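Since this is a predicted model, take the numbers as computed values, not measurements. In this chain, numbering begins with 1 at the start of the sequence shown.
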Amino acid sequence: MAGCASDAPVDRGTVQGAEFHASELIQSEGNRVTQVGMRANEASLLQLADKLYRRNPGEWRKTAPNRDAALDLIQSAMTNGQAWAPLGGRRDVSALSLSLSPEFTGDRVAAFILSCHDTIVTAHGGRRDFYYLNGVDPQHIYNAARNMETALWVLNTRRGPGGQPLLLANEIGPDQRNLSFEREFGKIIGRLDLLAAYTTERYRRAAIGYVQGLVAAPVLAFLPVK
């Protein structure tokens, strides 16, 4: 208890832990880290959807009667793993390419956010929840981080036929500077990179631990005492 005490300032909030759920009893530490990262990335994607809808209100009008209803549809699709119908059955990076093509005429915000989410879930083996028998491929997670970097670059640079951005996002001007989209995407990319590094290190340490056990076995063997 004393080791958990902290005198760090809390002026800007406090770190929050999740409530305990019985399902955690069949999760390893790695499973838990992976799942917490997944939920954090989903929260970031929903925040990005809200920001994009605020800057591009014409998009949510293609999907729902108001912005909140459109966000609810995105969250429901994330939770249930539903394919977004306007994407014509495309998933992960294929859907991401379509959502950022000038020819796409549906709700581009929903298509873009859900394509990003599907890309991340696919990189995690198609799962949002992780238990003892579930592992992730660190290279797939690393590739997903690079795909998010590419998606952000395309979002910031690609233009439609009239020369206008496909979606208004970051803004840098003489009177206004808004890089909140960049920061939120940076969080997602950072989490994915950290998970890839953490998973690789766990596998590496497991191999080292096995070799250490073989080497140390003769030294640690019990000796007769009589």
Original post:
Can you list the steps and then say if Gln139 with Thr200 is a side-chain contact (heavy atoms from CB on, under 4.5 Å)?
Top reply: CA-CA 9 Å; Gln139 187 62 47; Thr200 299; over 6 Å; no
Atom [atom1] of [X] and atom [atom2] of [Y]: how far apart are they, to the nearest 0.5 Å?
X	Y	atom1	atom2	answer
Gln47	Phe181	CD	CZ	10.0 Å
Leu192	Glu149	CG	CD	10.0 Å
Asp68	Leu73	CG	CG	11.0 Å
Leu96	Thr150	CG	OG1	8.5 Å
Leu52	Arg67	CG	CZ	12.0 Å
Leu46	Asn41	CG	CG	11.0 Å

**OP:** Show your working on side-chain contact (heavy atoms from CB on, under 4.5 Å) between Arg90 and Ser99 and close with a plain yes or no.
**Re:** CA-CA 10 Å; Arg90 297 194 188 191; Ser99 73; over 6 Å; no
Original post:
Taking it one step at a time, do Arg32 and Glu29 satisfy salt bridge (charged side-chain N to carboxylate O under 4.0 Å, His left out)?
Top reply: CA-CA 5 Å; Arg32 191 62 191 158; Glu29 180 179 314; over 6 Å; no
Original post:
If Ile, Leu, Val, Met, Phe, Trp and Tyr residues are connected whenever their side-chain heavy atoms lie under 4.5 Å apart, and connections chain through other members, are Ile188 and Leu194 in the same group?
Top reply: no
**OP:** Following the transitive rule for hydrophobic clusters with a side-chain heavy-atom cut-off under 4.5 Å over Ile, Leu, Val, Met, Phe, Trp and Tyr, establish whether Leu100 and Val93 coincide in one cluster.
**Re:** no
Original post:
Would Arg146 count as a cation-pi partner of Tyr142, with NZ or CZ less than 6.0 Å from the six-membered ring centre and within 45° of the ring normal?
Top reply: yes
Original post:
Listed by chain and number, what are the side-chain contact (heavy atoms from CB on, under 4.5 Å) partners of Ser101, not counting sequence neighbours?
Top reply: Leu98, Glu103, Phe104
Just wondering, do [Y] and [X] contact through their side chains at under 4.5 Å, heavy atoms?
X	Y	answer
Val109	Trp60	no
Arg127	Val121	no
Thr199	Ile141	no
Arg158	Pro165	no
His117	Glu42	yes
Arg191	Ser44	yes

**OP:** Mind running side-chain contact (heavy atoms from CB on, under 4.5 Å) on Glu182 and Asn156 for me, showing each step along the way?
**Re:** CA-CA 9 Å; Glu182 198 91 16; Asn156 287 333; 3.3 Å; yes
Minimum-distance pair of heavy atoms, taken over all atoms of [X] and [Y]:
X	Y	result
Ile189	Ala145	CG1-O, 4.0 Å
Val136	Pro138	O-CD, 3.4 Å
Asp129	Gln35	CA-OE1, 3.3 Å
Leu114	Ile74	CD2-O, 3.6 Å

Per-pair distances, 0.1 Å, donor-acceptor, side chain in residues 78-89, under 3.5 Å, sequence neighbours excluded:
{"unit_1": "Thr79", "atom_1": "OG1", "unit_2": "Gln75", "atom_2": "O", "d": "3.0"}
{"unit_1": "Asn80", "atom_1": "ND2", "unit_2": "Ser76", "atom_2": "O", "d": "3.1"}
{"unit_1": "Asn80", "atom_1": "ND2", "unit_2": "Ser76", "atom_2": "OG", "d": "3.2"}

Original post:
Do the side-chain N and O atoms of Asn31 and Ser28 include a donor-acceptor pair separated by under 3.5 angstrom?
Top reply: yes
**OP:** For Glu59, enumerate each residue passing the salt bridge (charged side-chain N to carboxylate O under 4.0 Å, His left out) test, keeping only those at least two apart in sequence or located in another chain.
**Re:** Lys62
Original post:
Is the backbone N or O of Ile120 less than 3.5 Å from a side-chain atom of His124, with the two atoms forming a donor-acceptor pair by type?
Top reply: yes
**OP:** Give a yes or no answer on whether the side chain of Asn56 reaches the backbone of Gly58 with a donor-acceptor pair at less than 3.5 Å.
**Re:** no
Subject >> Arg55/Asp50 salt bridge by N-O under 4.0 Å criterion >> reply: no
**OP:** Could you give me the CA-CA distance, side-chain angles and deciding distance for Thr119 and Asp92, then say whether side chain to side chain donor-acceptor pair (under 3.5 Å) is met?
**Re:** CA-CA 4 Å; Thr119 298; Asp92 55 80; 5.4 Å; no
**OP:** Check step by step if side-chain contact (heavy atoms from CB on, under 4.5 Å) holds for Leu166 and Leu155.
**Re:** CA-CA 7 Å; Leu166 296 178; Leu155 177 67; over 6 Å; no
